[in-house]
Amino acid sequence: MHRYLLRKDVTLGVFGLLLGASGLFAEASPAGFMPVDTVSSGAMTRQLSYHAVVKVAATGTYTDQVSQSIQLLNRKGESKINPYSETYSSALSSFKVVRAWVETPSGKQIIVPDSNIFVRPVPVAQGAPMYSHSKVLSIVPPQLAVGDVLHVVTEKHFFKPYFSNEYSNYWEIPQSTSVRDETIKIEAPVSMHLRAAQRGGWEILHTREGSKEIIHARMAIHHAEYPGMETVGERQFSPIFEVTSFPSWAAVGTAYWVRADKMADVTPLVQKVADMAAGKRAGWGAQKALFSWDSANIRYVGLELGVGGFVPIAANRTLQTGYGDCKAHSTLLQALFNAKGFKLFPVLMNWNNVYNLPPLPTPFWFNHAIDYAPKRHLFLDSTGQYETPGQLAVGERHKPALVTGPDPRIVVTPGAEPEQNHFVYTAKLRLHRDGTLSGSGEMTSRGWWAWAYREIFASVPPSHYATVMSMLLAPSGGGTGTFFPGDPTVLDKPFQVDAEWSTPDFAKVGSHLSFPVPPGPFLVPSLAATPNPISYLAEVAGPESRKRSVETYLGGLSWTSTIHIPSDYKAVFLPSNQDVHNAAGRFSYEIRYDNDVLLVHYDLKLNRVVYNPQQYPALRALLLADLSDQKSPLIFARKKEERI
């Protein structure tokens, strides 16, 4: 699903969601704690210099001249700078390359000819009878080898600001990149009242010269760092230098509301659709019906048309075309609510794995728009076809969000909430005397779990169920089976998936039987796209301590497996029961064996989505308890025959 305010890339796979990952090469150990060895750096490229001069007018227009040099450190990094590309909006700005050349270690300069500089439109969603004003300018060096330095001098003129008489921008150095000698100089009228702030070691000097104020920022050196598995997005902790004229987040919310509210007018068409969708329902029933209609009937298309980055298409127009981006969905749902007398306000937020705000207020931190119902304190995102009304998807949990409207403010969206985001797995299994394991299972999901499972089974055709099943069973010895999912378009009820399968080589038959609790065909919508809960828990648990915060996806998980064991075997070792309750959450594990039937039940509830380094040890202890029980072998011995 792709739902960015300006641009977004999220890929839904068969086994789950790939929501982004940190780079694999860095100037530090994988844990991120060892001293940096710049000689044996694993960084693929290094920014040797970056110098930007920004001249801002009182209207909010500006010019941005940038001179930079990037060195190729190893062959794998060539794809990062060949071609070198930047995206811009041709409706708002002009962008040109002043000069580009490659410098070899011997000092030779190779000029990049104009014929190697290309401008092309940004691809938009398939089937949209519109085009985007966003363009990609690409520079293709005629020669580039390890040790070479690519020099690029560019100039951008932003002749139509997103917000008149305002200027806001930030420069981020990704934590996983290697940077030297980066400077920013901003000149602007004193009347704009620019403020500057930083995170991560930038040096800032703010001065005035007559009617102008000048802000200098410098980062002398930044070593690349790989923060470790399952950490939050690096934009959450990467060095940032920021400048803005917005005095507060409320001012940002008002600026968007002024542009968006008038697009939610109740026209005759809007009223007709609202009456049809709501029918005779009232209250929450009517609101759910309006949400479901918008979600099911308006196709999501990511577009930016000129200032459309922060001005949504009118609700009436969206109804006429039948598609729109996240802002169009948000505005249409607001208009439908208006038509039935319900209050709804647009919300700006991030769909990614970043859970904080930058030092200063700026509209450009956000990439997604949803809605907020103040009476019920509910967040509604109609861009997705499979979200439960009032329950957010995985990328929207526990996020600082800007509620616009007459009372703009920053709020935090709901987080893990195990009771609301719960997955219940029940399996009935039989281990046969030849080592075959056969069984059936029921998976009932709520909240974001339901969203994830609806997404998965809406994207996989029934003819592929057997293939997916065989892939999921492969780690346990392979096998066959299929799924029986519910209707993913029913949004206001838990989503259930039934399954049947058989694994012929699950256990080796002999004097003893030994195996862990079978994971079964458990689809894990995880950040690592692993089809196995053990693998995911191992990645999150990770090292004994963390330098950065980690994120989790579980919420609440209840698992019950009933396994029939051949009657000629008896249990000789079973893991001990556990009940671990700490600041991170709770994990309980219970196992019983009686009359050849083994009953295994565990329950995991996590209190948070994000755990900071101080909270991480409790999370690790909880997950390791779960991990140890899932990996512990169940050992059975063949009973001795009684002599007559």
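Count residues from 1 along the sequence.
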Quick check against the 3.5 Å criterion: does Ser245 have a side-chain atom that pairs as donor or acceptor with the backbone of Glu166?
no
Closest non-hydrogen atoms of Pro408 and Ala250, given as atom of the first, atom of the second and distance, are CG-O, 3.5 Å
When you compare the side chains of Asp261 and Gln334, does any donor N or O come within less than 3.5 Å of an acceptor on the partner?
yes
Ser330 and Asp371: side chain donor to acceptor below 3.5 Å
yes
Got Leu73 and Met44 here, is their nearest side-chain heavy-atom distance under 4.5 Å?
no
Sub-4.5 Å side-chain heavy-atom contact between Val53 and Lys55:
yes
Ring-ring centroid check Phe345 Tyr256, cutoff 6.0 Å
no
Do His51 and Asp181 have side-chain atoms, one donor and one acceptor, less than 3.5 Å apart?
yes
As an exercise, state the distance from NZ of Lys185 to NE2 of His216, rounded to the nearest 0.5 Å.
5.0 Å
d(Thr404 OG1, Arg259 CZ) to nearest 0.5 Å is 12.0 Å
Do Trp249 and Phe366 have ring centres separated by under 6.0 Å?
yes
Quick one: does Asn350's side chain get under 4.5 Å of Arg235's, heavy atoms only?
yes
Check whether Arg620 reaches the backbone of Ser545 with its side chain - one donor and one acceptor, N or O, closer than 3.5 Å.
no
Look up atom CG in Leu150 and atom CD in Glu103, then write down how far apart they are to the nearest 0.5 Å.
11.0 Å
Would you say the side-chain atoms of Glu396 and His368 include a donor-acceptor pair closer than 3.5 Å?
yes
Let me confirm one number: the CG-CD distance from Leu72 to Glu78, rounded to the nearest 0.5 Å.
6.0 Å
Can you tell if the side chain of Glu155 reaches within under 4.5 Å of the side chain of Val98, non-hydrogen atoms only?
yes
Are any side-chain N or O atoms of Arg608 and backbone N or O atoms of Gly415, one a donor and one an acceptor, separated by less than 3.5 Å?
no
Could you check whether Lys156 and Ser93, counting side-chain N and O atoms only, form a donor-acceptor pair closer than 3.5 Å?
no
Write down the atom of Met229, the atom of Val550, and the distance for their closest heavy-atom approach.
O-CG1, 4.5 Å
Met219 versus Tyr50: any side-chain heavy-atom pair under 4.5 Å?
no
Donor-acceptor pair, distance only, cut-off 3.5 Å: does the side chain of Glu213 make one with the backbone of Leu194?
yes
For Arg546 and Thr231, does a side-chain donor sit closer than 3.5 Å to a side-chain acceptor?
no
Do Leu92 and Phe158 have side-chain heavy atoms sitting under 4.5 Å apart?
yes
Assess the side chains of Ser295 and Ser382: does a donor N or O sit below 3.5 Å from an acceptor N or O?
no
With a 3.5 Å distance limit and no angle check, can you tell me whether Ser134 reaches the backbone of Ser89 through a side-chain donor-acceptor pair?
no
Heavy-atom donor-acceptor pair, Gln236 side chain to Gly233 backbone, under 3.5 Å
no
Does a donor on one side chain and an acceptor on the other come within less than 3.5 Å for Thr63 and His157?
no
Only one of Asp381, Asn338, Thr383, Leu380 passes side chain to side chain contact (heavy atoms under 4.5 Å, CB included) with Leu333, and that residue is Leu380
Hey, could you give me each pair passing ring-ring contact (aromatic ring centres under 6.0 Å, His included) that has a residue in residues 165-185? Not counting sequence neighbours.
Tyr62-Tyr167, Tyr170-Trp365, Trp171-Phe241
If you define the side chain from C-beta out and look only at heavy atoms, does anything of Tyr162 sit under 4.5 Å from Ser168?
no
In Å, rounded to the nearest 0.5 Å, how long is the span from OG of Ser49 to NE2 of His151?
7.0 Å
Any donor-acceptor pair under 3.5 Å linking the side chain of Glu234 with the backbone of Ser176?
yes
Enter the distance from Phe246:CZ to Leu360:CG here, rounded to the nearest 0.5 Å.
12.0 Å
Within-4.5 Å side-chain heavy-atom neighbours: His223 and Arg180:
yes
